[in-house]
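Here's the structure, in structure tokens; my notes come after.
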Number of protein chains: 2
Amino acid sequence: MKQNATNSKSVSFIEKEKVRSVTGKMRNERFFHDLAETFKAMSDPTRTKIIYALCQEEELCVHDIAMIIGTTNSAISHQLRTLRNMKLVRYNKVGKVTYYSLDDLHINNLFAEGIRHVDEK
Amino acid sequence: MKQNATNSKSVSFIEKEKVRSVTGKMRNERFFHDLAETFKAMSDPTRTKIIYALCQEEELCVHDIAMIIGTTNSAISHQLRTLRNMKLVRYNKVGKVTYYSLDDLHINNLFAEGIRHVDEK
DNA sequence: TTAACATTTGAACAATTGTTCATATATCAT
DNA sequence: ATGATATATGAACAATTGTTCAAATGTTAA
């Protein structure tokens, strides 16, 4: 059911109007990149564990997160850096201890929506 | 500020109570794995574009999605398979055309929350 | 100062990922 | 049948990722 009968050249698309309409509503490359990055920040089990733990307790230090999750301090520290770079967590250094917490309530909403999805499947 | 003075062995953790409390609230491995997988499904720009397009138009075929996004049919088909495996999209084959749509409204909510996060940054 | 501790960092590694290309399958029209 | 079209698929490839290990910071206490 080709709808581009008006064109002499055979430019192919199945439903011309849909394509035009949706194409007009698309956003720029940066938007899709940032959106993907946001989800990617939560796309690893170690990171979902860290975020989940920080949903239970406002502030946690690296060592305690490692204890809770059952991994090495190094692995946690690396992942916390990723979360920091993606602005999902912030930190507060007191002496030799670095306390991490979720950056804003937005993160909680997004994360909670993901949990709802998993729990209702 | 060690709080495990009662132990003779030097088991180290910074805040014993927090660790015990949060550890008790943690969920099983499968939960964190599934949660990560859900976010991972939306963690690639090509896939966020596909999902965004399907938020604008109920049903779209592979070729039209490729036109809208500006990629090859093959790349789109591969990604649609990923989205299919992760139960984010379903399809409806009519003749030689396969129409894809979002699997349920839950996906829209999760996706919309991600968009809100990106737009408000 | 020295030792112990909390965290960070860089290199290395295997594992996973997304695209491309060529090819295969399936449907429709002639 | 043949050719055109729509989609799917497998192999190959570079690129990215997460962990481990060893070593480096930086802080506190003795």
Side-chain angles (χ1 to χ4, degrees), chain A residues 1-5 9-15 18-19 32-33 36-37 39-50 59-86 89-100, chain B residues 1-5 9-15 18-19 32-33 36-37 39-50 59-86 89-100:
Chain A
M1 201 210 284
K2 283 272 208 76
Q3 297 185 8
N4 56 330
K9 273 190 71 180
S10 173
V11 178
S12 64
F13 33 77
I14 312 295
E15 291 173 284
K18 271 194 182 181
V19 172
F32 291 113
H33 169 269
E37 285 296 305
F39 289 121
K40 189 186 272 178
M42 300 177 172
S43 72
D44 170 79
T46 302
R47 290 198 295 274
T48 55
K49 287 173 195 170
I50 293 174
E59 271 195 339
L60 287 169
C61 71
V62 177
H63 189 187
D64 284 356
I65 295 174
M67 292 279 310
I68 291 163
I69 293 176
T71 322
T72 62
N73 289 352
S74 181
I76 295 299
S77 183
H78 277 298
Q79 293 296 11
L80 281 170
R81 179 160 59 153
T82 300
L83 292 172
R84 232 163 50 212
N85 290 342
M86 290 169 166
V89 301
R90 53 190 155 76
Y91 65 99
N92 172 238
K93 198 158 186 203
V94 179
K96 46 182 171 172
V97 182
T98 311
Y99 293 96
Y100 282 86
Chain B
M1 200 211 284
K2 284 270 208 77
Q3 298 185 8
N4 55 330
K9 270 188 74 180
S10 172
V11 177
S12 64
F13 32 76
I14 313 294
E15 292 173 285
K18 272 193 181 182
V19 172
F32 291 113
H33 169 268
E37 284 296 305
F39 289 120
K40 189 186 274 179
M42 301 178 174
S43 73
D44 170 79
T46 303
R47 290 199 294 276
T48 56
K49 287 174 195 170
I50 293 174
E59 270 193 341
L60 287 169
C61 71
V62 177
H63 190 188
D64 285 355
I65 295 174
M67 292 280 310
I68 290 163
I69 294 176
T71 322
T72 63
N73 289 352
S74 181
I76 295 298
S77 182
H78 277 297
Q79 293 295 12
L80 281 170
R81 179 162 60 154
T82 300
L83 292 172
R84 232 163 51 212
N85 290 342
M86 290 170 167
V89 300
R90 51 191 157 76
Y91 65 99
N92 171 238
K93 199 163 188 199
V94 180
K96 47 181 170 173
V97 181
T98 312
Y99 293 96
Y100 282 85

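Sequence lines set the chain letters: A, B, ... in the order given, protein chains first and strands last, and positions in each chain run from 1.
When rounded to the nearest whole Å, the span between CG of B/L80 and P of C/dT19 equals 11 Å. As a whole-Å value, the separation of B/Y91 OH from D/dA8 P is 8 Å. Atom pair A/N73:CG and D/dG18:C1' shows a separation of 16 Å (rounding to whole Å applied). Counting to the nearest Å, the P atom of D/dT16 and the CG atom of A/N85 are 16 Å from each other. Following rounding to the nearest Å, A/R81 (CZ) and D/dG18 (P) show an atom-to-atom distance of 12 Å. Nucleotide D/dT17 holds its P atom 18 Å from the CZ atom of B/F39, rounded to whole Å. Across the protein-nucleic acid pair, B/E59 atom CD and D/dT7 atom C1' stand 16 Å apart, rounded to whole Å. Taking atom CG of residue A/N92 and atom P of nucleotide D/dT27, one finds them 14 Å apart after rounding to whole Å.
The shortest side-chain heavy-atom distance between A/I65 and A/T71 does not fall under the 4.5 Å cut-off.
Distances were taken from every side-chain heavy atom of A/S77 (C-beta onward) to each of C/dT9, D/dT19, C/dT20; the shortest belongs to C/dT9. Residue B/K96 places its side chain closer to D/dT5 than to any other of C/dA22, C/dG18, D/dT5. Residue B/R84 places its side chain closer to D/dA8 than to any other of C/dT9, D/dG10, D/dA8. In this structure, the nucleotide among D/dG18, C/dT8, D/dT7 sitting nearest to the side chain of A/D44 is D/dG18. Considering only the side chain of B/H63, D/dA6 comes nearest among D/dG26, D/dA6, C/dG18.
Taking 4.0 angstrom as the limit, A/Y100 places a side-chain polar atom (N or O) nearer than this to OP1 or OP2 of C/dT8. A sub-4.0 Å separation between OP1 or OP2 of C/dG18 and a side-chain N or O of B/R47 is present. For B/T46, a side-chain nitrogen or oxygen approaches OP1 or OP2 of C/dT19 to under 4.0 Å. For C/dT17, neither phosphate oxygen OP1 nor OP2 lies less than 4.0 angstrom from any side-chain nitrogen or oxygen of A/K40. Residue B/T72 places at least one side-chain N or O closer than 4.0 Å to OP1 or OP2 of C/dT20. Not one side-chain nitrogen or oxygen of A/Q79 sits closer than 4.0 Å to the OP1 or OP2 atom of D/dT17.
B/T98 comes within 4.0 angstrom of the backbone, heavy atoms only, and of no base.
Nearest approach of B/Y100 to B/V62, heavy atoms of both residues: CE1-CG2, 3.6 Å. Between A/A36 and B/D44, the shortest heavy-atom contact is CB-C, 3.6 Å. Residues B/K40 and B/R47 come closest through the heavy atom pair O-NH2, 3.0 Å. Here the closest non-hydrogen pair linking B/E15 and A/D64 is N-OD2, 3.0 Å.
Around atom OH of A/Y91, no more than 12 heavy atoms belonging to other residues, nucleotides or ligands sit under 6.0 Å away.
When each of B/C61 and A/T82 is assigned the nucleotide of DNA chain D bearing its nearest heavy atom, the one mapping closer to the 5' terminus is B/C61.
With hydrogens and angles ignored, a donor-acceptor pair under 3.5 angstrom links the side chain of B/H78 to the base of C/dT20. Judged by atom type and distance alone, A/S74 reaches the base of C/dT9 through a side-chain donor-acceptor pair under 3.5 Å.
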